[in-house]
Amino acid sequence: MEINFDFLKDSKYFSEQYPAADKIYKLYIIDDYRDVISNSRLLLETIVKKIFDLENLNKYYPIHDREYRNLRNDTHYLRSEVNYPLSIMDLFDEVRRMGNAAIHDSKLEPDKKQALHCICNLHDILVFLINSYENKDLYYIRPDISMEAQTDEKHYFYRKAKSVSTQHIRLSDHKTTKKKTVHHQNKNLKKAKYYSSTKQENKENDTQPIADTSNKKQENLFDKIKHFFAKK
């Protein structure tokens, strides 16, 4: 798979990022995978700062005590302020985490596959930004990113204008309707009600014992026979 960042040369907003992106690609060619990933993180920092400028975001946004405004907090703040697809913001986080590991973990030896994954992330982030802010139709490397990133014809500015009345639908954010639970405890109640212990107690209390009349019938029969022979 051939990857290059030549599309940045003519970009209205991101042409300044071309030299750094091209350097990353050349590092990949000479198999310097650690520097590919660490430099991708550095480039991401400049990309985020550019987005802050384009969106007129507060560079001094509030943070918690004992925290700093770093790339992690910048991207988290970005999530809350811009209407980017979730998959695109996930690419920001992946490049940041991979870059941190490459810079701070001296024992880590990134391989070619990891370096390529990082470059692909960076490529699709920049494609999304140019498509969104400059209304271009550049191709994404991965089709799953393409599906989610281009959910509207006019891209980002169109979505942003409509965001007040229409929420952007993310493919991974579809809500599922909770199925209704059918309770069967009262099903066939007519058949089961006589097995209720409460019903049995009431039935026993309300019903009088029936006397056995079989002996009385036998006694009446003998009396009739006696009377019959007595008359004779």
Side-chain angles (χ1 to χ4, degrees), residues 1-55 57 59-61 63 67-82 84-134 136 138-146 148-149 156:
M1 176 172 48
E2 184 178 352
I3 300 175
N4 65 69
F5 295 93
D6 290 345
F7 61 90
L8 293 173
K9 293 179 181 179
D10 299 325
S11 172
K12 180 179 179 181
Y13 298 114
F14 297 95
S15 59
E16 294 178 356
Q17 276 68 44
Y18 172 72
D22 187 54
K23 176 185 175 181
I24 292 170
Y25 176 67
K26 290 177 179 177
L27 289 170
Y28 175 75
I29 293 176
I30 63 174
D31 302 333
D32 191 352
Y33 302 134
R34 178 185 291 277
D35 281 348
V36 166
I37 297 174
S38 60
N39 278 273
S40 294
R41 185 197 181 282
L42 294 175
L43 178 55
L44 185 66
E45 288 184 2
T46 66
I47 292 172
V48 170
K49 290 178 181 178
K50 186 64 178 181
I51 296 171
F52 269 65
D53 291 336
L54 291 172
E55 294 290 338
L57 297 179
K59 297 179 181 179
Y60 304 100
Y61 56 87
I63 55 176
E67 286 194 2
Y68 301 94
R69 293 182 182 88
N70 50 27
L71 182 57
R72 176 180 176 274
N73 285 331
D74 285 352
T75 53
H76 285 184
Y77 179 68
L78 204 61
R79 280 180 181 266
S80 66
E81 296 297 317
V82 297
Y84 292 175
L86 181 61
S87 60
I88 296 298
M89 293 309 306
D90 288 344
L91 297 186
F92 279 75
D93 291 335
E94 274 195 354
V95 173
R96 175 180 57 80
R97 285 194 295 264
M98 292 178 71
N100 287 344
I103 292 171
H104 300 296
D105 189 352
S106 59
K107 296 181 180 180
L108 179 67
E109 292 296 336
D111 56 24
K112 183 176 183 179
K113 184 177 179 180
Q114 292 170 326
L116 179 61
H117 184 78
C118 191
I119 290 180
C120 290
N121 285 354
L122 197 61
H123 178 278
D124 283 352
I125 288 172
L126 288 165
V127 166
F128 168 77
L129 294 173
I130 292 177
N131 285 349
S132 298
Y133 290 99
E134 302 177 28
K136 301 292 185 180
L138 302 175
Y139 289 100
Y140 294 84
I141 292 176
R142 284 162 296 191
D144 58 322
I145 301 296
S146 177
E148 185 171 351
Y156 176 65

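Since the structure is predicted, the reported quantities are computational estimates derived from the model, not experimental observations. Computation of the quantities below employed the complete heavy-atom set of this structure, encompassing side-chain atoms and omitting hydrogens, waters and symmetry-equivalent molecules.
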Q: Please confirm whether the backbone N or O of Ser11 pairs with a side-chain atom of Glu134, one donor and one acceptor, at under 3.5 Å?
A: no
**Q.** Whether Arg69 side chain and Tyr60 backbone form a donor-acceptor pair below 3.5 Å
**A.** yes
(Q) Please check this pair: side chain of Asp124 against backbone of Tyr140, looking for a donor-acceptor N/O pair closer than 3.5 Å. (A) no
Q.
Keeping Thr75 on the side-chain end and Arg72 on the backbone end, is there a donor-acceptor pair under 3.5 Å?
A. yes
Q.
Taking Asn121's backbone N and O only, do any of them form a donor-acceptor pair with Glu94's side chain (distance below 3.5 Å, no angle check)?
A. no
Q. Atom CG of Leu126 and atom CD of Gln17: how far apart are they, to the nearest 0.5 Å?
A. 7.0 Å
Q) Side chain of Asp22, backbone of Phe5: donor and acceptor closer than 3.5 Å? A) no
Q) In terms of the angle between their ring planes, are Tyr133 and Phe14 parallel, tilted or perpendicular, with boundaries placed at 30° and 60°? A) tilted
Q: Step through the shown structure and confirm whether more than 12 heavy atoms of other residues, nucleotides or ligands are within 6.0 Å of NZ on Lys23.
A: no
Q.
Nearest 0.5 angstrom please: Ile37 CD1 to Tyr28 OH, how far?
A. 11.0 Å
Q: Could you list the residues that satisfy side chain to side chain donor-acceptor pair (under 3.5 Å) with Tyr25, not counting sequence neighbours?
A: none
Q | For Tyr77, ring pair (Phe, Tyr, Trp, His ring centres under 6.0 Å) partners two or more places apart | A | Phe52, Tyr61
Q.
Tell me whether Asn39 contacts the main-chain N or O of Ala20 through its side chain, where contact means a donor paired with an acceptor under 3.5 Å.
A. no
**Q.** Audit row: Asp31, Tyr33, side-chain hydrogen bond (donor to acceptor under 3.5 Å, both in side chains) steps and yes/no
**A.** CA-CA 5 Å; Asp31 302 333; Tyr33 302 134; 2.9 Å; yes
